[in-house]
Structures are given as structure tokens and as C-alpha cells.
Amino acid sequence: MASKQVPYRVRFAPSPTGHMHLGSARTALYDYLIAKKTGGQFILRIEDTDFKRYTPGAEEELINGLRWLGIDYDEGPDIGGPYGPYRQSERKDIYLEHAERLINEGKAYYCFCTPERLTRMREEQQKRKEPPHYDGTCRNIPLEEARERIKVGEKFVFRFKTPKEGTTTVTDLLRGEITVENKNLDDYILVKSDGWALYHLAAMVDDNLMKITHVIRGSEWLPSLPLHAMIVRAFGWVEPVWVHLSIFLKPSGKGKMSKRESADLLKDGHSIFVKDLQNLGYTPEGVVNWVSLMGWSYDDHTEFFTLDDLVDKFSLEHLNPSPAAINFSKLDHFNGLHIRNFTNEELALRIAPYFLKAGYEVDQGSLIKIAPIIKERITTLDEAVGMAGFFFKEEIAYNSQDLIGKGLDVEQTRKILGDSFEILSGLENLNLALAETQLREYVEKSGLSAGQIFGVLRVAVTGQKVSPPLFESMEIIGKEKVIERIKNALEMLS
RNA sequence: GCCCCCAUCGUCUAGUGGCCCAGGACGUGGCCCUCUCAAGGCCAAAACAGGGAUUCGAAUUCCCUUGGGGGCACCA
């Protein structure tokens, strides 16, 4: 009997404040993988208590992004679940109750300091070269007095009463024990004066209520981990396993990606936003494979994974804590790999939207025929349009200069075109084997190279200097159209 | 400034004291294949940040230095 796997309950808890980026995608992926692997649940929770930063449409983009990547969640705002609601904006009272509980137990206190006073305080601390921290003005106000002030209508926040002495030790799965001196920790605000909980409180309360066993998140949260552990401990709850994933650095490896740089990236056909990646012709398979390997590895020799492979092979043990620079050329590599792995039917389905977007009228039947000859020539789906658009054009446009092959002059080119026209016209159809045999015989007799002759025909038939294989292409285009295009080319040169 | 984290080829990484004068992948260069472009195959260049300590033995353990990153909000 195999040892029993404990099901993990994990959550992806983004705030709807912008576009879904790679870091989020990876966190969600790992959440999904480990939940699936252990037979547990993956929960989507929206952390939307900061209304100032709320971005309309962000939640929808998040959900679409997850869906596109194939990362399904078991509980979430749109599908519900036994521990809802899954939007923090619908859980205000829950947080307030918990904050009150901390107050009653002497583990938190009401603070009446105004934001203005706090900024002034911080400025002075900076002037004195002190680390910014709350000075504790309200820390020792007797509870009775504080309640009176609240009754009178004074504005207040809840602050956590952080011990001033001793140390706090928390264990991160990837890094081991992390110990900090409590005097370096602040009396963090738990609930704002508008009554809304801050992340520190809300997330810990929700994680407990939603029975989260493993908190998997970015390591930008590491500095507040001791606080989070303190809050969990103050409530007397058992801590989840803390897992802080490595940070993604920009391709240069120098710092996190900024807004400005993200925009520049897009010009090169890359992006850190899931939505852009989709538009740029990347496949969910490629993105998932690529992102899974940033900060995690399986073994020495396996790197090609489908989502199902990953469910099978993923484990928290092989996570790497060091920051990772984003490497887009590797994305291209994986994307190409997965495109080549598609069946022709699948590829046809995937590239169709890109043709449509470019204004082409395409049919599935033709795309299936085209799929095998472009498969190994494209790294992104949208490249199919540039590579194979000529199949669907009534008339192809190109520069007549491009017709004239390397080492050839106009006369020679015309002769090639004319002879080819004769040869192909004489054929019953442009059956691949037949056409190629005939044309190769012609090459033999002509004394020219195959490259020269086929090059001329390539431009005449496809309008491109770079195209899928000539004979395969001609067969798909059909005799009539091929002959006509050769004739047009001939006329162009006269 | 303070706190925390990290440190193997350009990049992503394998490596948990001897199997490593360090393996794989991307990228780069070369060759082969070839109707273009790819794909594919083969080959090559390319790294344990530095210094101590522990040990018979260190990429692997400990300490220091250096470098890099993250965080210091009534944001998440």
C-alpha cells in the first residue's frame, strides 16, 4: 500500500490592479499543479480591498488568463465553493470580527494617529537616519479610553501589538528558518480607518478560514513573513507551510520589470503579460512549459512538458529560491516545440484566428493541409500568416526584382518561367511527386542549380523569397492557380 | 539608511562531501542534411564570485568580504 498523500489546499490570491503577468501565472500554475498532484483543491481568491487601486476588467482578465493557460480552480468568485465568498470585498465583517478579537486579547490596539502625523513622523525619522517605524504613541492607551474616543467619533485604525523584544523565527520551505529581531518589526496596521482590513490581516484570516495548507506566493512577501506568522500565532492557529517563490528579473537580470520596460518589450514581440503573449501567437502549452521551468526543475534531461506531464512530475522539493532572469528566447524555443507537437488538425484550429484577424478568409480544410508544411517553420502562431498567407490570396504582390534569381539575368529568368509553364501545363495535376520529378529533370538539362530554378518559381508562385517547400505548396495551391501565377510573373518581366 | 533573501556557463538550471579537471537546456559558432527558411543530427566555445575555516577530501558544511535582488504605506 502506497503512503497516503495528504491533499493540499492552496490559493492564488491576486489583487485586481492591472494585467496578469508571468509571476502570477507561475504562482497559479504551481498552485494548480500541487493541488492536482495531491488530490487537493486550488482556490482563486480576489484581494480587492484597496478600492483606490481597483482596476475594472482586471478580475476578468485574470480569470481569462487562467482559463487560457488551462489552470482550472476548484473554488473561486465566479464558481463559488464551500468557503466563500471568494472576494475580500465581500468579507469586511469577518476581518473586523477577527481584529476585535485581537484587541480583546490585548494583541492589537486602536491607534488614533492621523496620516498627516505619521508622514511627519517618518520624515523626522529619516532626517535622524532612523528606519521608518511607528513610534508607539497609541500603543499604551487604555482600552476603555480608546473605546470612549471611538464613541465620540474619532478616527482610528487597528494596529498589531508587535513584541519589542526577542526574536521571531519562521520556516520557509525553500530557505529554512528565517529569524528576525522583533525590534525591527513594526506595529503594522491591520485595519484601515475606513474599516477595511489590510492584506496582512485579511490574507491570514482567509487562509485560515479557507483551510489553506500551503501558502505559495512571490518572495516579495518574505519581509512581511514574520508579521504574518505572528498574526497566525496570535490567533492560535496552526501555520500553513510557507513557500516563497523566486522573483522574476528582467532579461538583463537587473531588477524587476518596470512599466516602461514592459512597453519596450512588446515592440520586440515579447511581453510579461499573459494577455499579450496570447495575442503575439504564443501557445498556452509553450507558456506553461516555459514558465514552469523558471525556478523549478525536474531532472537533467527532461524539459518538454505538457500540463498533464507537469501534474505528474511537479514537486515543491525542486523549487529554486534564487531570482531568475526572464529568457524570452527560451519561450520561443518551447513554443516552437509545442507547435511541432500539435496534430495538423489542432494546429489548423490554433492558427485560424490569426488569419482571420489579418483579414484572410480561411477554411479548416486548407489549413489542415498547410499545417504540416509550416509546423516546423514557425515559432509563434501568428507567423503562420506571414508564412502561408499566399495560399489564400487571389493575387500575390511582390517586387519583380525578387523574381530574378541569384546569378541569373532577366532573360534566363524568363526562360525558366516559360519552360516551367510548359512543363507544368502539360501535367494532369500538380501531384507532388509528379511535378517534382519533371522539374528536377528540367534542372538537370538546364545546367542551372536547383536552387536557382526553384528560387524563381518560389517567388512566382508564393510571392515570397522564404516559403514552405515549393512542391508541397504548389500541390495545395492547385494547378490552375500555379500556372496563372507563373504566367503573371512572365508578363511582369516583359 | 535599516531589515531580509540569493550567489554554478551570457541566461534557465543539475549537483545535498568523494561518481564533477562540474551534467543538461536556451542562445552563440562550426559541420552535415537541403529548393528558400526552418526543423533535425553531430561538434565546439562557455561557469562553481573572492578569502578563510572544517575535512584525508568541498561546487556541496561554517564564517567573513563582495556582488545581486527584495522589502521598509491607512498597496498588494
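Sequence lines set the chain letters: A, B, ... in the order given, protein chains first and strands last, and positions in each chain run from 1.
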Quiz item: Base, sugar-phosphate, or nothing: which does A:Trp196 touch, judged by heavy atoms less than 4.0 Å apart?
Solution: nothing
Quiz prompt | Of A:Arg175 and A:Gly255, the one whose closest RNA chain B nucleotide lies more 5' | solution = A:Arg175
Quiz item: So A:Phe112 and A:Phe156, would you call those rings parallel, tilted or perpendicular, with 30° and 60° as cut-offs?
Solution: tilted
Practice problem: Rounded to the nearest angstrom, tell me the gap between atom NZ in A:Lys183 and atom P in B:C3. | Solution: 8 Å
Self-check item: Under 4.0 angstrom between A:Arg377 side-chain N/O and B:U36 OP1 or OP2
Solution: no
Quiz item: What's the CG-P distance between A:Asn320 and B:G69, to the nearest Å?
Solution: 17 Å
Quiz item: Is the Lys NZ or Arg CZ of A:Arg159 less than 6.0 Å from the centre of A:Tyr110's six-membered ring, within 45° of the axis?
Solution: no
Quiz item: Does a nitrogen or oxygen in the side chain of A:Ser297 sit under 4.0 Å from OP1 or OP2 of B:A14?
Solution: yes
Practice problem: Output yes when at least one side-chain N/O atom of A:Ser329 is less than 4.0 Å from OP1 or OP2 of B:U11, else no. | Solution: no
Quiz item: Can you check the A:Leu174 CG to B:G69 C1' distance for me, whole Å?
Solution: 16 Å
Quiz item: Would you say A:Lys183 has more than 12 foreign heavy atoms packed within less than 6.0 Å of its NZ?
Solution: no
Quiz item: Nearest to the side chain of A:Leu222 - B:G71, B:C74, B:C4?
Solution: B:C4
Quiz prompt | Straight-line distance of A:Leu448 CG to A:Lys406 NZ, nearest 0.5 Å | solution = 15.0 Å
Quiz item: A:Thr380 and A:Glu383: side-chain donor and acceptor closer than 3.5 Å?
Solution: yes
Exercise. Give, for atom CG of A:Asn182 and atom NZ of A:Lys164, the distance between the pair rounded to the nearest 0.5 Å.
Key: 8.5 Å
Exercise. Check every atom of B:C4, B:C75, B:G70 against the side chain of A:Lys192 and return the nucleotide holding the closest atom.
Key: B:C75
Exercise. Specify the separation, in whole Å, of atom NZ of A:Lys465 and atom C1' of B:C35.
Key: 15 Å
Quiz item: What is the distance from CD1 of A:Ile373 to P of B:A38, rounded to the nearest Å?
Solution: 16 Å
Quiz prompt | Closest-nucleotide ordering on RNA chain B, the 5'-leading residue of A:Ser322 and A:Pro251 | solution = A:Ser322
Exercise. Check every strand shown and say whether A:Thr49 touches a base, only sugar-phosphate, or nothing at a heavy-atom separation below 4.0 Å.
Key: sugar-phosphate
Quiz item: Should A:Arg122 be listed as having a side-chain N or O under 4.0 Å from OP1 or OP2 of B:C74?
Solution: yes
Self-check item: Side chain of A:Ser193 - closest among B:U36, B:C74, B:G71
Solution: B:C74
Quiz item: Among B:U13, B:G71, B:C6, which nucleotide sits nearest the side chain of A:Pro321?
Solution: B:C6
Quiz item: Is A:Lys52 near enough to B:C75 that one of its side-chain N or O atoms lies under 4.0 angstrom from OP1 or OP2?
Solution: yes
Quiz item: Looking at A:Val461, A:Ile373, A:Leu432, which hits side chain to side chain contact (heavy atoms under 4.5 Å, CB included) with A:Ser473?
Solution: A:Ile373
Practice problem: Measure from the side-chain heavy atoms of A:Lys256 and tell me the nearest of B:G70, B:A76, B:C6. | Solution: B:G70
Practice problem: State whether the distance check finds a donor on one side and an acceptor on the other, under 3.5 Å, for side chain A:Lys375 versus base B:A39. | Solution: no
Quiz item: If pairing requires Watson-Crick or G-U wobble contacts with both distances under 3.5 Å, which nucleotide is the partner of B:G1?
Solution: B:C72
Quiz item: Any side-chain N or O of A:Lys330 under 4.0 Å from OP1/OP2 of B:U13?
Solution: no
Quiz item: So does A:Ser467 reach the base of B:C37 with its side chain, donor to acceptor, closer than 3.5 Å?
Solution: no
Practice problem: Look at all strands and tell whether A:Ile178 reaches a base, only sugar-phosphate, or nothing, counting heavy atoms closer than 4.0 Å. | Solution: sugar-phosphate
Quiz prompt | Whole angstrom value for the distance that separates C1' of B:C74 from CG of A:Leu201 | solution = 13 Å
Quiz item: Among the nucleotides B:C35, B:C12, B:G40, which one has an atom lying closest to any side-chain atom of A:Ala325?
Solution: B:C12
Self-check item: Among B:C37, B:G24, B:A76, the one nearest A:Trp221 by side-chain distance
Solution: B:A76
Quiz item: Could you give the NZ-to-C1' distance, from A:Lys129 to B:C3, as a whole number of Å?
Solution: 17 Å
Self-check item: Atom-pair distance (CG on A:Leu198; P on B:C72), nearest Å
Solution: 12 Å
